[in-house]
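Every chain is numbered from 1 and lettered A, B, ... according to where its sequence line falls, protein lines coming before strand lines.
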Amino acid sequence: MFNLQAISANNGWNISMAGVSIVFSGLTVLAILISQLHKLLVIWDQRDKHYQKIKELLFKLIKFKRTKKADIKVDSHLSHQVHETAKPITLLVGMLGEPFALPKLLELTTKCGLLHSHSKINALLKEKLIIPDGKGYYYLKKTILEDNINNSSK
Amino acid sequence: MGNLLLEFLANTGFFLGDYRHFIMMLIGIIFIYLGIAKHYEPLLLIPIGFGILMGNIPVFKGLGLAIYEDNSVLHYLYFGVTSGVYPPLIFLGIGALTDFSTILARPVLMLLGAAAQTGIFITFLGALALGFAPHEAASIGIIGGADGPTAIFLTAKLAPELIGPIAVAAYSYMALVPVIQPPIMKLLTTREERLIRMEEPREVSKREKIIFPVIAFLLCCLLAPAALPLLGMLFFGNLLKESVVAERLAQSARTAIIDSVTILLGITVGASTQADVFLTPKSIGIFILGALSFGIATASGLIFAKVMNLFLRHKINPLLGSAGVSAVPDSARVVQIVGQAEDPSNFLLMHAMAPNVSGVIGSAIAAGILWSFMT
């Protein structure tokens, strides 16, 4: 009368197992979802506050990135002071021709009335924009200087 | 004159009827009695009981009077059952009546509603083992969901010839919840367990109640699309209720619509128990399996609640597990009565509503799953 083979023959075990599992998993997922619902609504209610926080965070991030970029710019380009110094000296070196003797450049800058010419030439030496040729003369590292001058004129 | 009188007498129900019709009439009268005198689900038992009386008046075949005759009025009304129209309309009304805040306050109690559905699948196995065809076994198993409309809906789709016995069994057991469940509840729980008090649930906001039917509908119907007619209407009805702005529609759904459909469903399901169709060994098997299914569902919920208590910090009263069957709100009411019998100051009704309404969702999902597996 009671025939277990009939269950197997009609795929009963699998249907029952799958059925119970689906009902359980469905209601479990629903229970999990609705247990978080009130928390999600609290976050939604405070969205302006959270938006402000995110905005501030983004602003800080952008500011930080900009600062970093500016630092990089200072590294790769010349500082404002060196840049200002390089402009007239490039012109004067053009008049002297390269390679040039440092005392001649110093004399010319003084004649032209360039203030603090010693310290300015020294700054260019430190920045390795005026490079010794190993024979007692010097030449200008023009590419960097010219880039800077062009950028500033733009 | 004499011949005419004899012919008339030969066409009366007294002459056409046999003992089976009178047995069914007696059952109908018992249903009406239980509904009126004992208050066991009167809104269902009175229409079904009277429907049994209507369906079992022996009539002359071919006059278009009986429910199974194509051109009869009862047959047209019965179309709502066989086509599966009435159950979703009832679910619309149930949705517009149900407050889901108890499960929103304590979602973990939903698992009890899931556990109670185990009864459906165990009975399905039992029915298969007893020689029922798979689609019949699935229809019998769903009785364990203790959800009349769901049982009718699934049976209409899978085994329409069994609607009568299955509907009557499902509604009978729903009505007999206060009789069937307490012994099982007492058998499977200790006094200490029945005395456990539940934590006060948190307050649920209006927005949660509005969002819930949408989320629940999407999740459940994406998981089991075959449950769409039932769950769609259930959650739509609930959305009408909770949204407040469609109060007129919600009001109609929870009064005029559900009442009209309940009358039509009850009468036609009752009438479908025509003696020659209903009184068969199969029907007796269905009634026995239905009772078994209901008992297993109750026990599964109780046992699962006890298992949950092994892991929970704040223990739950295992009686709540028996409310996982979806006889709303009767099984929740039984939990309250059994709990208060031990401690009159312990109020469990509100907490029991959570597994109770999740049982409605669970049984509809189970019906959808069985339907999709059988087709």
Side-chain angles (χ1 to χ4, degrees), chain A residues 1-70, chain B residues 100 103-118 120-135 137-138 141 202-205 207-208 211-212 215-216 218-220 222-224 227 300 304 354 358-359 361-366 368-370 372-374:
Chain A
M1 185 74 184
F2 198 79
N3 186 3
L4 286 177
Q5 280 177 338
I7 299 174
S8 307
N10 290 301
N11 208 15
W13 300 114
N14 292 337
I15 289 172
S16 294
M17 287 305 290
V20 171
S21 312
I22 295 168
V23 173
F24 255 99
S25 54
L27 290 183
T28 306
V29 172
L30 185 59
I32 292 168
L33 263 177
I34 61 172
S35 69
Q36 302 305 313
L37 188 60
H38 66 286
K39 292 175 189 169
L40 290 172
L41 285 172
V42 170
I43 294 172
W44 175 253
D45 286 341
Q46 297 174 344
R47 62 189 182 279
D48 287 342
K49 207 171 130 189
H50 293 297
Y51 175 69
Q52 200 61 35
K53 266 187 186 173
I54 292 167
K55 213 170 133 182
E56 276 171 21
L57 201 75
L58 278 173
F59 183 72
K60 274 183 188 170
L61 195 75
I62 291 165
K63 204 175 161 187
F64 174 73
K65 275 192 172 173
R66 275 188 186 161
T67 318
K68 215 173 168 187
K69 262 187 182 175
Chain B
F100 283 106
I103 55 174
L104 285 161
R106 195 117 195 243
V108 74
L109 295 179
M110 281 188 87
L111 298 180
L112 298 175
Q117 307 316 315
T118 313
I120 292 174
F121 295 98
I122 293 176
T123 311
F124 166 69
L125 293 177
L128 281 179
L130 283 174
F132 282 93
H135 58 282
R202 72 173 174 86
E203 209 166 295
V204 176
S205 71
R207 278 186 306 170
E208 280 178 83
I211 294 168
F212 172 74
I215 292 180
L218 290 174
L219 183 77
C220 295
L222 287 171
L223 185 74
S300 305
F304 192 76
S358 77
I361 302 170
S363 60
I365 295 176
I369 293 163
L370 286 171
S372 60
F373 281 154
M374 297 298 148

So how far is it from A/Ser25 OG to B/Leu223 CG, rounded to the nearest 0.5 Å?
5.5 Å

Identify which part of B/Leu219 has an atom lying under 4.5 Å from any heavy atom of chain A, answering side chain, backbone, both or neither.
side chain

If you define the side chain from C-beta out and look only at heavy atoms, does anything of B/Arg207 sit under 4.5 Å from A/Trp44?
yes

Toward chain A, the part of B/Glu208 with a non-hydrogen atom under 4.5 Å:
both

When every non-hydrogen atom of A/Ile34 is compared with those of B/Pro107, the smallest separation belongs to CG1-CB, 3.8 Å

Sort B/Ala115 into side chain, backbone, both or neither according to what part of it lies under 4.5 angstrom from a heavy atom of chain A.
both

Take B/Phe132 and A/Asn10, measure what side-chain contact (heavy atoms from CB on, under 4.5 Å) needs, and give me the verdict at the end.
CA-CA 10 Å; B/Phe132 282 93; A/Asn10 290 301; over 6 Å; no

Check: A/Leu30 and B/Cys220 side chains under 4.5 Å, non-hydrogen atoms
yes

Is the closest side-chain heavy-atom distance between A/Trp13 and B/Leu128 below 4.5 Å?
no

Check whether A/Asp45 gets within reach of chain B through its side chain, its backbone, both or neither, counting any heavy atom under 4.5 Å.
side chain

With a 4.5 angstrom heavy-atom cut-off, is it the side chain or the backbone of B/Arg202 that approaches chain A, or both, or neither?
side chain

Step through the shown structure and confirm whether more than 12 heavy atoms of other residues, nucleotides or ligands are within 6.0 Å of CD on B/Glu203.
no

Would a 4.5 Å heavy-atom cut-off, applied to side chains only, mark A/Ile15 and B/Met374 as touching?
yes

Could you look at B/Phe100 and say if it's the side chain, the backbone, both or neither that has a heavy atom under 4.5 Å from chain A?
neither

Top contributor to chain A interface from B/Leu370, B/Ile211, B/Ile361, B/Thr118 [non-hydrogen pairs under 4.5 Å]:
B/Ile211

Quick one: closest heavy-atom pair of A/Ser16 and B/Phe121, and the distance?
OG-O, 3.4 Å

Which residue out of A/Ala6, A/Gly19, A/Ser35, A/Gly26 racks up the most heavy-atom pairs below 4.5 Å with chain B?
A/Gly19

Min side-chain heavy-atom separation A/Leu41-B/Ser205 under 4.5 Å:
yes

